[in-house]
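Here's the structure we're looking at; comments come further down.
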Amino acid sequence: MLNKYLLLSLLFSLLSCNQMPEPEVEKSSPNTEESKVPSFDLPALLTAKDGQKINSKEDWENIRRPELLQLFEKEMFGKVPSNDIKVNVEERIATNNALGGKTTIKEVIFTFSNQSKELKATLLLFLPNNRTSPAPIFLGYNFDGNHTIFPDESISLPNTWMRKNTTYGMTDDTASQLSRGVKSFRWPVLNIINRGYGLATMYYGDIDPDFDDNFENGIHALFPQKPNKSEWGSLATWAWAFSKVVDYFETTNTIDHEKVIVMGHSRLGKTALWAGAVDERYAMVISNNSGCGGAALSKRKFGESINAINTRFPHWFNDNFNQYNDQEEKLPFDQHQLIALMAPRPVYIASAVGDTWADPKGEFLSGKHATPAYQLYGLNGLEIAEQPPINQPENSGHIGYHVRSGKHDLTVYDWEQYLDFADMHLNEIKD
Ligand code: GTR
């Protein structure tokens, strides 16, 4: 059975260029030539709005960090509207005997409600059975449903919107049994469990279906007003729901809530970065091929542009962000400052060499230019002048980086680097 799923998963991985019919983009207009990168000045990381130089971690934490956080919130990801959403959590053990008895799989049903409406979302948990202490845990959204990441019949199918995908047997916008396990190539559960970590994942569409519906569905339906131009888009919505997951982690004794690693691929890597910025309870943050609006510098104007992303995905950021369409030079911030918001926590940025759309060099440069924030804590950030060679991770500081061979994807190679980086840094936190 397992082998059948692995084979299917591999096949789907090879076919993955077909997987997500999405708004078409005029990919020829954004620049993909290094020689055409304009000269630009990066907004200063360690100078406050009033011109004050930031020389200590105290000034960073009290002055500059809050200033930058507010800027990203107001101009890009959007503020969470005030709300009194109740969150109720119910656990169910799917099996305590998967992977030859190595892991317990649980489903945790989150019910978000206001007085009149509710929304349910399922967190899928894999916990190592051989630990005597609470498990450090990776937390990341998945694109296609919890049932696609691991081939076990006990995992429920989402009953919300899914992007139609005939390759996965989804002939309409609902999940299909045929797609069980098809994304397991992105989630090496066995390696994660063998290394003593837990894994928690949720289908992002449970929180907010990923299409522009003018904020009618998902968690937005529980808010009486539509977001105004400085309020949240979907990325901030997904990040918000993950904070509720961390609240839940704080109530369980099987998970070490001081060792939660938020991670994500691509749009969900952008989500992980924003989640890590707004919620300092995450011990480590991982951006896998997050590109434009994630780790990549916008002012390089390389690969996906702000105009391209806002046109194809008008629901991801807030409306204020539209003012920078084709106006990257006017941005009062850039993505190195987003990376710096993780300081002093370890952050890992991963690129793929074939992923020009995400601008691997721009992702590297963000890490490099976030380094001064780490130095305020006496820590190394990403202290190398140039991108390291392909498949040679630079992980000696608190900002890890690699550029992997291959295309836009989340691979076992990427995971191995994250596990190593987590081993290196999470031991610094006492059990
Ligand atoms: C692309 C989008 C990117 C990235 C990617 C993904 O279409 O242009 O910003 O987020 O999707 O999430 O796979």
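This structure is a prediction, so every number in the text was calculated from the model and none was measured. Below, each value reflects all heavy atoms present in this structure, side chains not excepted, and no hydrogens, waters or symmetry copies. When a ligand or atom number is given, it counts from 1 through the structure's own listing order.
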Exercise for the section: Take every heavy atom of H265, measure it against each atom of ligand 1, and state whether any distance is under 4.0 Å. Expected result: no

Problem - Atoms in ligand 1 flagged as close to K270, the criterion being non-hydrogen separation under 4.0 Å - result: 3 (C), 4 (C), 9 (O), 10 (O)

Exercise for the section: For F313, take its heavy atoms, then give the atoms of ligand 1 lying under 4.0 Å from any of them. Expected result: 2 (C), 7 (O), 8 (O)

Exercise for the section: For the residue pair R267 and F313, establish whether any side-chain heavy-atom pair is separated by less than 4.5 Å. Expected result: yes

Practice task
Under the side-chain contact (heavy atoms from CB on, under 4.5 Å) rule, collect the residues that match up with K49, sequence neighbours excluded.
Solution key: E67

Practice task
Below 4.0 angstrom from a heavy atom of W357, which ligand 1 atoms are there? Numbered from 1 as shown, please.
Solution key: 2 (C), 8 (O)

Problem - Contact check: W316 vs ligand 1, nitrogen or oxygen atoms, below 3.5 angstrom - result: no

Problem - Check: W240 ring centroid to F112 ring centroid under 6.0 Å - result: yes

Exercise for the section: Indicate, as side chain, backbone, both or neither, the part of I309 found under 4.0 angstrom from ligand 1 when only non-hydrogen atoms are considered. Expected result: side chain

Fill in the blank from the handout: Quick look: E304 vs ligand 1, heavy-atom contacts under 4.0 Å, and the answer is side chain

Problem - F421 and H425 aromatic ring geometry - parallel, tilted or perpendicular at 30°/60° bounds - result: perpendicular

Handout entry: Residue pairs fulfilling side chain to side chain donor-acceptor pair (under 3.5 Å) with at least one residue in residues 346-356, sequence neighbours excluded
Key = Y348-H402, S351-E363, S351-Y401, D355-H408

Handout entry: Output field: ring centroids F138/Y418 closer than 6.0 Å
Key = no

